[in-house]
Amino acid sequence: MDEERIEALRKELHQHNYNYYVLNEPTISDYDFDMKMRELQELEAMHPEWFDPNSPTQRVGSDLNQAFKQVTHKYPMLSLANTYSTEEVADFYQRVKSGLEGEDFEIVAEMKYDGLSISLTYIDGNLKQAVTRGDGVQGDDVTANVRTIRSIPLKLKEGSGYPHEFEIRGEILMPWTSFEALNREREAREETLFANPRNAASGTLKSQKSELVASRKLDAYLYYLLLPENSNTQPAQMDLFAETENNRLSINTHYDGLIMARKWGFKISEGMKKCHNLKEIIDFINYWDTERKNLPVATDGIVLKVNSLQQQNHLGYTAKSPRWAIAYKFKAERACTRLNEVTYQVGRTGAITPVANMDPVQLAGTTVRRASLHNAGVMKELDLHIGDMVYVEKGGEIIPKVVGVDIAQRKHDAQPVLFIDKCPECGTPLVRYDGEAAFYCPNDTGCPPQIKGKIEHFISRKAMNIDSLGPETIDDFYQRGLIHDVADLYTLSVAQISNNNKNRAVSATKAVEAIRASLSVPFERVVYAIGIRFVGETTAKLLARKFTSMESLQNATVSQLMQVDGVGEVIARSVVDFFANPVNREIIERLRLYGLTMKISEEQINNKSDMLAGQTIVISGVFRHHSRDEYKSMIEENGGKNSASISYKTSFILAGENMGPSKLEKANHLGVRIIEEEEFLEILNQRNVNTES
């Protein structure tokens, strides 16, 4: 049972990561996500024999957008550990006290703003670069868009004593007033509403049009100052001084750094306090749990940081977060309102999601009219009736959901809500797969939302990477009858897309060129792109390398497919069913005719070996000769396994420049061998020499 639960949690958390970081459409609260993650971490700790390097516990979600230039952070942007109770806050306080061996310390308590993390670099008082958090190692260069945000200074106050160069980090936010106005506009245009200000800010900052960013009136709060000489992300001793124009600037504490930054012209939160004991911390939390509702921007918690930079450096880091800081998350707000109707949405995979339509109610700073009911099981458990007074919750980063019913207010003639048995879009009878909570529309080749969803998946970055197209563009093409499936993309012309409108010719040309460029995408990504149910990126790679061609894959039997590592009966039957559908086979044949890669390249076959078989390798740092993804492919092609974290199972670390200090510390502690880029390439090159001889 534990093994089944582990696999179910991994699958669910992967989907939630995708919803949050790629789609910007979260369907679960931070609390529920963290609880599931904790459960998975505990189960994996109990069963190390079921270790999986691709488990959600081994990765950090990413918000990278390939439409922007990628920039490697000088110092990694780590995430904070989350806590949801004052008891856990007390545990954190005690850990700090123990780690500092009784030494006196202060904790800086400050607001946790609900937006998009940003890193700003200033040189000689001028804004030089703005980069999103991304995956913590590298992020998107959004400098042009950030320049439109009025609360971010383009030039610092003269004579305020800032150093020659420094980095400051904070949060890009969309104020409640801007968020409400934006959603009113989208609703009037019958466009999908943003779930919350965080998603709206993220979507806005990644717009290709700076004028659109400027029109949405984003805001920003800065909360962390880094100077090259006193950055505690490095394990070496700190020089707590930075050169300024006329003097040496001394900053010994986090709090003093922010006060100094405020003098330079940065917007620093007034909701910040130095606490000298646990009681002061709890009082601060309790005060802002209520008062935050009066703030003009969204907040979802409190951040606690050890004030002294020397003490921060002493406490150090875990693999993913600093030991000297923690985030306390506020509990989700709850409201009661009337249920008027339940409608149903169809997702890309055909999953049917029930949605409660209610009387408008104020919740977490926004007006809520709709809330997710998730699936038929949740609906049945709630025992909903039309006209019920329902309880709705909405944390800072979730779509609202119905969590309960006030039975005492139910009318005697209220009608129960029954889950539908046919697809609301195409009328096909719904099905429920073994082990799945949701009902599905099986008409994946004829149901409009599924067709558009498949095309959106097909063009995504990790699939065909056609970055000039997006969901709104796909919907436009579909509504105009230009495309009916993924193969139709390769028939599009500039004239069709632009509709002979000269103003649209440039974007249309760019789209056609991006579609043509996708013809060079390797075979394993084509397997992922065609959208076989339950076949994710990793499984697609394994299938592609096992069967080497689309023809072999589509003729494989269930038993042959199950011989692939990680492929069970459910996935195997899904692959067989996919290729048994004549519509899918016809699409695959058209894609072949249009020139997509339908087999493993000769180069990949020639490069394949088992010289790294049985070895688990961690990649860390920045490389000169190849990208991290290219090195991952090299490892897999030579029989090795990639892992995101170091453990006793790690064979060696492939290390580039600026290897993470926490990984270096852990590697030294466990005695794991570290191999540099040139040595690794020499190892692979020696294998090629031996093969040729």
Side-chain angles (χ1 to χ4, degrees), residues 3 6-7 10-11 14 49-55 58 349 454 457-458 460 462-465 486 518-581 584-585 587-589 591-592 596-617 619 629-644 649 651 684 687-688 691:
E3 187 174 12
I6 287 173
E7 289 303 318
R10 285 173 177 169
K11 181 179 178 182
H14 275 310
E49 68 273 21
W50 295 329
F51 172 80
D52 182 0
N54 292 308
S55 169
Q58 303 299 308
T349 63
K454 280 179 175 290
H457 169 74
F458 185 82
S460 64
K462 292 187 176 181
M464 302 306 291
N465 193 28
V486 297
S518 72
L519 296 176
S520 63
V521 165
F523 176 56
E524 56 262 39
R525 281 170 54 188
V526 175
V527 174
Y528 175 59
I530 59 177
I532 305 172
R533 193 190 302 276
F534 306 132
V535 174
E537 184 186 6
T538 300
T539 303
K541 285 182 181 179
L542 295 170
L543 291 172
R545 289 167 184 170
K546 172 67 174 179
F547 294 97
T548 72
S549 73
M550 191 69 77
E551 183 179 6
S552 297
L553 179 59
Q554 67 185 16
N555 292 326
T557 64
V558 169
S559 60
Q560 289 172 330
L561 289 161
M562 290 178 64
Q563 293 175 18
V564 177
D565 184 31
V567 175
E569 185 174 356
V570 172
I571 295 177
R573 291 198 178 279
S574 180
V575 174
V576 170
D577 291 345
F578 178 88
F579 288 113
N581 188 321
N584 290 332
R585 293 181 78 103
I587 290 173
I588 296 297
E589 185 56 31
L591 292 175
R592 185 195 311 276
L596 270 71
T597 306
M598 290 292 166
K599 63 179 181 179
I600 292 285
S601 67
E602 291 297 325
E603 182 182 2
Q604 284 179 290
I605 293 173
N606 293 335
N607 287 338
K608 194 173 182 181
S609 80
D610 59 357
M611 68 178 303
L612 298 178
Q615 299 193 55
T616 300
I617 300 156
I619 298 176
D629 285 342
E630 287 172 335
Y631 277 122
K632 286 181 180 179
S633 295
M634 291 180 194
I635 290 168
E636 291 171 351
E637 287 167 0
N638 288 279
K641 289 186 177 181
N642 289 292
S643 177
K649 292 185 177 181
S651 304
L684 296 188
R687 167 249 169 187
N688 292 333
T691 301

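For clarity, every value in this text was computed on a predicted model and none was experimentally measured.
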**Study point:** Separation between CG of L542 and CD of E636, rounded to the nearest 0.5 Å
**Key:** 7.5 Å
Revision key, fill the gap. Y528 and V535 have their tightest heavy-atom pair at CD1-O, 3.8 Å
Review point. Is there a side-chain contact between V521 and T597, using heavy atoms and a 4.5 Å cut-off?
Key: no
**Study point:** Min side-chain heavy-atom separation E569-M562 under 4.5 Å
**Key:** yes
Point to revise | Check: T616 main-chain N/O paired with S643 side-chain donor or acceptor under 3.5 Å | key: no
Review point. Which heavy-atom pair separates K454 from G531 by the least distance, and what is that distance?
Key: NZ-O, 3.3 Å
Exercise for review: Can you measure from CG (L553) to CG (L561) and round to the nearest 0.5 angstrom?
Suggested key: 6.5 Å
Revision key, fill the gap. Heavy atoms of A529 and H457 approach each other most closely as O-CD2, 3.4 Å
Review point. Taking the side chain as C-beta and beyond, is there a heavy-atom pair between F579 and I532 under 4.5 Å?
Key: yes
Point to revise | Closest approach of F578 to N584 (non-hydrogen atoms, all atoms of both residues) | key: O-ND2, 2.9 Å
Review point. When rounded to the nearest 0.5 angstrom, what is the spacing between NZ in K641 and OG in S651?
Key: 10.5 Å
Review point. Side chain of N638, backbone of L612: donor and acceptor closer than 3.5 Å?
Key: no
Practice item. Can you establish whether the number of heavy atoms outside E589 located under 6.0 Å from its atom CD is more than 12? Key: yes
Point to revise | Side chain to side chain, V564 and F547, heavy atoms closer than 4.5 Å | key: yes
Practice item. Using a 4.5 Å cut-off on heavy atoms from C-beta on, say whether the side chain of F534 contacts that of V575. Key: no
Check your understanding: Do R533 side-chain atoms and T349 backbone N/O form a donor-acceptor pair below 3.5 Å?
Key -> yes
Check your understanding: Does some side-chain heavy atom of I530 sit less than 4.5 Å from a side-chain heavy atom of M550?
Key -> yes
Practice item. Please examine the side chains of N465 and R525, heavy atoms only from C-beta on, and report whether any two atoms are closer than 4.5 Å. Key: yes
Practice item. Please say whether more than 12 non-hydrogen atoms of neighbouring residues, nucleotides or ligands are located less than 6.0 Å from CZ in R573. Key: no
Study note, to complete from the structure: Heavy-atom closest pair (R10 atom, E7 atom, distance to 0.1 Å) is NH1-OE2, 3.1 Å
Review point. Can you find a heavy atom in the side chain of M464 that is under 4.5 Å from one in the side chain of V526?
Key: yes
